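First the structure, in the form of structure tokens, and then the observations on it.
Just so it is clear, the model here is predicted, and its values are computed rather than measured.
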Amino acid sequence: MKKYSAEDMLAYFYRECPQEISASIHNRLSTDWALSEKLAVMKEAIDRLGKMPLLSPPNQLVIDICSGVHDFKSAVLPEG
């Protein structure tokens with residue numbers, strides 16, 4: 001019996017896995033309680049994440065990152 005990883009289950013959830021694997025997981029979900037629970041927990045986590053507000057980083061952090069990238073490019077790349 002194949003063990004499905006979290007990545008396999010996410011690919012199944014988002015319909016990004018090959019048809020054979022999707023069919024195999026679908027069939028297994030009807031008989032494997034643990035796998036069904038694993039998928040239910042993932043669905044709940046995805047739903048909760050989708051409901052969370054996205055926060056913007058502080059402006060100073062963005063400025064610091066951009067200036068760090070500029071300084072790095074200046075130090076590494078030749079001018080011209």
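Listed by chain and number, the residues in a side chain to side chain contact (heavy atoms under 4.5 Å, CB included) with Val62 are Pro57, Cys66 (sequence neighbours excluded). Taking the side-chain hydrogen bond (donor to acceptor under 3.5 Å, both in side chains) definition, one finds that Ser22 meets it with nothing, sequence neighbours left out. Remark: Thr31 pairs with no residue by the side-chain hydrogen bond (donor to acceptor under 3.5 Å, both in side chains) rule, at least two apart or across chains. Annotation: side-chain hydrogen bond (donor to acceptor under 3.5 Å, both in side chains) contacts of Glu7 (sequence neighbours excluded): Ser5. Shown here are the salt bridge (Lys or Arg N to Asp or Glu O under 4.0 Å) partners of Lys3, two or more places apart in sequence or in another chain: there are none. Glu20 is linked by a side-chain hydrogen bond (donor to acceptor under 3.5 Å, both in side chains) to nothing, counting only residues two or more places apart in sequence or in another chain.
Residues in residues 42-51 take part in these side-chain hydrogen bond (donor to acceptor under 3.5 Å, both in side chains) pairs, two or more places apart or across chains: Glu44-Arg48. Residue pairs satisfying the side-chain hydrogen bond (donor to acceptor under 3.5 Å, both in side chains) criterion with at least one member in residues 55-65, sequence neighbours excluded, are listed as follows: Gln60-Asp64. Residue pairs meeting the salt bridge (Lys or Arg N to Asp or Glu O under 4.0 Å) criterion with at least one member in residues 26-38, sequence neighbours excluded, are Arg28-Asp32.
The hydrophobic cluster containing Leu54, built from Ile/Leu/Val/Met/Phe/Trp/Tyr side-chain heavy atoms closer than 4.5 Å, comprises no other residue. The hydrophobic cluster containing Leu29, built from Ile/Leu/Val/Met/Phe/Trp/Tyr side-chain heavy atoms closer than 4.5 Å, also comprises Tyr4, Met9, Leu10, Tyr12, Phe13, Tyr14, Ile21, Ile25, Leu35, Leu39, Met42, Ile46. Grouping Ile, Leu, Val, Met, Phe, Trp and Tyr residues whose side-chain heavy atoms lie under 4.5 Å apart, directly or via other members, places Met52 in a hydrophobic cluster with Leu49.
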